[in-house]
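All values derive from a computational prediction rather than experimental measurement.
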Amino acid sequence: MKRMVSDVKSEKLAQELKDLETQGDDELKNRWRSLYGTKPPHKIHRSLLIAAVAHRMQENTLGALKSSVRRHLMQAVNNPATPRLSPHFPSLRPKAGTVLVRDWGGVTHQAKVLEDGILFRSQRYKSLSEVARVITGSRWSGPLFFGLRSATEQNHGTR
């Protein structure tokens with residue numbers, strides 16, 4: 001089987017990417033200039049500068065997307081008919097009419113999901129997180145507080 005990138009090139013790229021974190025801002029900006037042929041944006045955050053330089057380095061070594069693929073992706077993004085959520089990852093938002101129940105501080109709290117928000121104690125709220133804050137007095141993830149998402153999922157960003 002033919003390899004696209006040699007192991008030596010891959011190892012060299014991996015080390016260069018690792019080294020970006022330790023480079024000074026001036027070195028990173030010079031790297032940007034050599035890779036992009038322009039000055040970096042004036043107030044670019046260091047983390048974005050590193051990510052952009054790393055991205056271009058990987059493109060140069062491993063290859064970029066074909067222009068036809070880029071064009072296809074842009075068409076999909078700009079097409080209003082393109083679904084925005086994968087059917088494999090259902091929305092965390094419960095359907096309108098759902099009543100969420102949570103015991104907190106010895107009191108049972110009920111929040112009703114509306115089309116455009118949440119009804120709690122006869123008041124409308126924009127999100128479950130707002131309701132969780134009213135109940136607890138501190139910031140909470142609403143889906144986590146009402147058990148729609150586990151703490152593990154919350155910390156790892158999975159659905």
* Quick one: are Ile118 and Lys112 in side-chain contact, heavy atoms under 4.5 Å? -> no
* List in chain and number order the residues that pass side-chain contact (heavy atoms from CB on, under 4.5 Å) with Ser68, two or more places apart in sequence or in another chain; answer none if no residue qualifies. => Lys66, Arg71
* Which atom pair, heavy atoms only, marks the closest approach of Ala96 to Leu114? -> CB-C, 3.9 Å
* Only counting residues at least two apart or in another chain, list the ones meeting side-chain contact (heavy atoms from CB on, under 4.5 Å) with Lys29. => Arg33, Pro40, Leu49
* Any pair counted as ring-ring contact (aromatic ring centres under 6.0 Å, His included), so long as it reaches residues 18-64, sequence neighbours left out -> Trp32-Tyr36
* **Residues forming a side-chain hydrogen bond (donor to acceptor under 3.5 Å, both in side chains) with Asp19, sequence neighbours excluded** => Gln15
* Asked: Is there side-chain contact between Ile135 and Phe120, with at least one heavy-atom pair below 4.5 Å?
  -> yes
* Asked: In Å and rounded to the nearest 0.5 Å, what is the CG to OG distance from Leu62 to Ser10?
  -> 6.5 Å
* To do: Just jot down the side-chain hydrogen bond (donor to acceptor under 3.5 Å, both in side chains) partners of Gln75, sequence neighbours excluded, or say none.
  => none
Indicate every side-chain donor-acceptor pair of residues 98-106 with a distance under 3.5 Å to a residue at least two apart or in another chain.
residue : atom : partner : partner atom : Å
Thr98   : OG1  : Lys95   : O            : 2.7
Arg102  : NH1  : Phe145  : O            : 2.6
Asp103  : OD1  : Thr108  : OG1          : 2.5

* To do: Test Leu35 against Arg31 for side-chain contact (heavy atoms from CB on, under 4.5 Å), laying out the working first.
  => CA-CA 6 Å; Leu35 291 167; Arg31 196 71 177 266; 4.0 Å; yes
* Should Lys9 and Glu16 be marked as a salt bridge (charged side-chain N to carboxylate O under 4.0 Å, His left out) after you check the CA-CA gap, both sets of side-chain angles, and the distance that decides it? -> CA-CA 10 Å; Lys9 267 188 167 178; Glu16 287 177 358; over 6 Å; no
* Asked: Atom CD1 in Ile44, atom CG in Leu28: separation rounded to 0.5 Å?
  -> 9.5 Å
* Listed partners of Arg124 passing side-chain hydrogen bond (donor to acceptor under 3.5 Å, both in side chains), at least two apart -> Asp116
* **Hydrophobic cluster partners of Leu65 (side-chain heavy atoms under 4.5 Å)** => Val69, Leu73
* Structure fact -> Val8 meets the side-chain contact (heavy atoms from CB on, under 4.5 Å) criterion, sequence neighbours left out, with Ser6
* To do: Check Gly142 against Ala132 and note the closest heavy-atom contact, atom names and distance.
  => CA-CB, 4.4 Å
* Asked: What residues form a side-chain hydrogen bond (donor to acceptor under 3.5 Å, both in side chains) with Ser67, not counting sequence neighbours?
  -> none
* Minimum-distance pair of heavy atoms, taken over all atoms of Val113 and Pro94 -> CG1-O, 3.4 Å
* Distance (rounded to the nearest 0.5 Å) between Arg133 CZ and Ser141 OG -> 13.0 Å
* Is there a side-chain contact between Gln23 and Leu20 (heavy atoms, below 4.5 Å)? -> yes
* Side-chain touch Leu119/Tyr125, heavy atoms, less than 4.5 angstrom -> no
* Asked: Has the side chain of Gln58 got a donor or acceptor atom that lies under 3.5 Å from a matching backbone atom of Ala54?
  -> yes
* Asked: Apart from Met74 itself, what residues make up its hydrophobic cluster, given side-chain heavy atom links below 4.5 Å?
  -> none
* Can you run down the salt bridge (charged side-chain N to carboxylate O under 4.0 Å, His left out) pairs that involve residues 39-64, sequence neighbours left out, and say none if there aren't any? => Asp25-Arg46, Arg56-Glu59
